[in-house]
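To start, the structure under review is shown below, and the notes come after it.
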Amino acid sequence: MSKQRILIKYGGNAMVNSDLQEEIATQIFKLQQAGFEVIMVHGGGPFINKALEKAAITTQFVDGLRVTEKNAFAEIQKALIGEVNADLISTLNKNNLKAIGLSGKDAGMVQAKKLQHTSANGQLVDLGLVGEITEIDEGLLETLCDADYVPVVACIADGPDGLSYNINADTFAGKLAAAVKADQFIVLTDVDGLFLNYPDPDSIIHELNESQVNEYMGKAIQGGMIPKIQSCVLALKEGVKKSIILNGTKPQQIADYAIKGKQIGTTLTLK
């Protein structure tokens, strides 16, 4: 039987807390021991904010997307690859894993183009070096997974225009999950899933289909949850078998869901 493959989108508080980082690494080791192949994709919002602040670069957001000028991109790339990715690799390797750090640039794995963003009022907004994925060559990831490595991918990619682009990590992860034909796409956030009336624990929605996503958008689905839910739907539409939102500040949820099959978090379905 071929191994099941899980792609984990890693972010939020689980990323800035070193104890939680260690616990996530322990969970990933459990997944490997249980016969899963694991690929990770990460963003790095808090680290990027700190790096830009240090460089005295003001950040502007349009519809939740960070406007990325050339000087800001240089700092973002350093934070994502030189800090977040490098630290994550050290933590995973220390916990009996063979982690390998990558970005979309490596071996031309991910190709991107400039994102043409239309704002809510219908105007075209220039976001600078913010990109969208045009193509993914999953060959490198397949090779690494076959050799029991855990690829850890930062969401930066090059375009045919010779420019590098910063890509929303949720969108990047959803697209990559589809390209590698992941059996499960797990998005880690800071809450237990999607709530109808946050934070009432009884109002957690354990199963959510596409028509409910449209119904709840802008109501129960707000802020940072919007790109997470959208990336889950996108992954499903492109062939991923399961998309799940779990709480990254409770790392044991990963093995509880994937190995023990517990009903936790929010699982998305198309119908």
Side-chain angles (χ1 to χ4, degrees), residues 1-44 46-47 79-107 109-110 138-156 169 172-173 176-177 179-190 192 235 240-262 264-265:
M1 194 177 93
S2 65
K3 287 185 174 184
Q4 281 226 350
R5 181 172 288 168
I6 295 180
L7 188 137
I8 297 174
K9 158 53 180 44
Y10 178 60
N13 284 327
M15 182 176 256
V16 290
N17 180 315
S18 56
D19 290 342
L20 288 175
Q21 259 198 34
E22 295 279 349
E23 284 183 51
I24 298 260
T26 303
Q27 296 296 310
I28 291 170
F29 181 66
K30 281 184 189 172
L31 292 182
Q32 260 205 347
Q33 294 296 98
F36 290 96
E37 291 177 345
V38 182
I39 297 168
M40 290 181 84
V41 169
H42 67 84
F47 299 90
L80 283 177
I81 296 174
E83 186 181 358
V84 181
N85 195 284
D87 287 352
L88 197 45
I89 294 305
S90 298
T91 304
L92 293 171
N93 287 342
K94 197 170 77 179
N95 285 276
N96 306 307
L97 292 156
K98 294 196 299 180
I100 192 153
L102 303 165
S103 76
K105 294 176 169 226
D106 287 289
M109 176 168 61
V110 178
E138 70 283 2
L140 175 60
L141 294 176
E142 295 287 353
T143 301
L144 293 170
C145 285
D146 285 349
D148 292 329
Y149 287 100
V150 176
V152 180
V153 191
C155 50
I156 284 175
F172 188 104
L176 203 63
V180 299
K181 298 179 175 60
D183 296 282
Q184 299 183 36
F185 172 41
I186 296 177
V187 178
L188 298 180
T189 182
D190 292 338
D192 285 332
V240 171
K241 291 176 188 146
K242 267 184 174 181
S243 286
I244 311 101
I245 291 173
L246 293 176
N247 192 339
T249 69
K250 298 176 182 174
Q252 72 281 3
Q253 284 196 357
I254 299 171
D256 282 349
Y257 185 93
I259 299 169
K260 296 178 186 169
K262 286 190 181 176
I264 43 176

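Fair warning: this is a prediction, and the values are worked out from it, not measured in the lab.
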Task: Heavy-atom check, side chain of Tyr10 versus side chain of Val152, under 4.5 Å - done: no
Open item on the list: Please determine whether a side-chain nitrogen of the Lys or Arg among Glu142 and Lys181 lies less than 4.0 Å from a carboxylate oxygen of the Asp or Glu.
Closed with: no
Task: Phe47 vs His42 side-chain heavy atoms within contact, under 4.5 Å - done: no
Open item on the list: Strictly distance-based, threshold 3.5 Å: is any side-chain N or O of Asp192 a donor or acceptor partner for the main-chain N or O of Asn247?
Closed with: no
TODO: Could you tell me whether the side chain of Gln27 and the main chain of Ala255 form a donor-acceptor pair under 3.5 Å?
DONE: yes
- [ ] Answer yes or no: is there a side-chain heavy-atom contact under 4.5 Å between Tyr149 and Thr143?
- [x] no
Task: Minimum side-chain heavy-atom gap Leu80-Asn85 below 4.5 Å - done: no
Task: Check: Asp190 side chain, Asn13 main-chain N or O, donor-acceptor pair, under 3.5 Å - done: yes
TODO: Keeping the roles fixed (side chain from Gln32, backbone from Asp148), state whether a donor-acceptor pair exists under 3.5 Å.
DONE: yes
TODO: Compare all side-chain heavy atoms of Met109 with those of Val153 and state whether any distance is below 4.5 angstrom.
DONE: yes
TODO: For residues Pro251 and Leu20, determine if any side-chain heavy atom of one lies less than 4.5 Å from a side-chain heavy atom of the other.
DONE: yes
Task: From CD1 (Ile254) to CG (Leu246), nearest 0.5 Å - done: 7.0 Å
Open item on the list: When you compare the side chain of Ile24 with that of Ile8, does any pair of heavy atoms fall below 4.5 Å?
Closed with: no
Open item on the list: With a 3.5 Å distance limit and no angle check, can you tell me whether Lys98 reaches the backbone of Ala147 through a side-chain donor-acceptor pair?
Closed with: yes
Open item on the list: Any heavy-atom pair between the side chains of Glu37 and Asp146 that's under 4.5 Å?
Closed with: yes
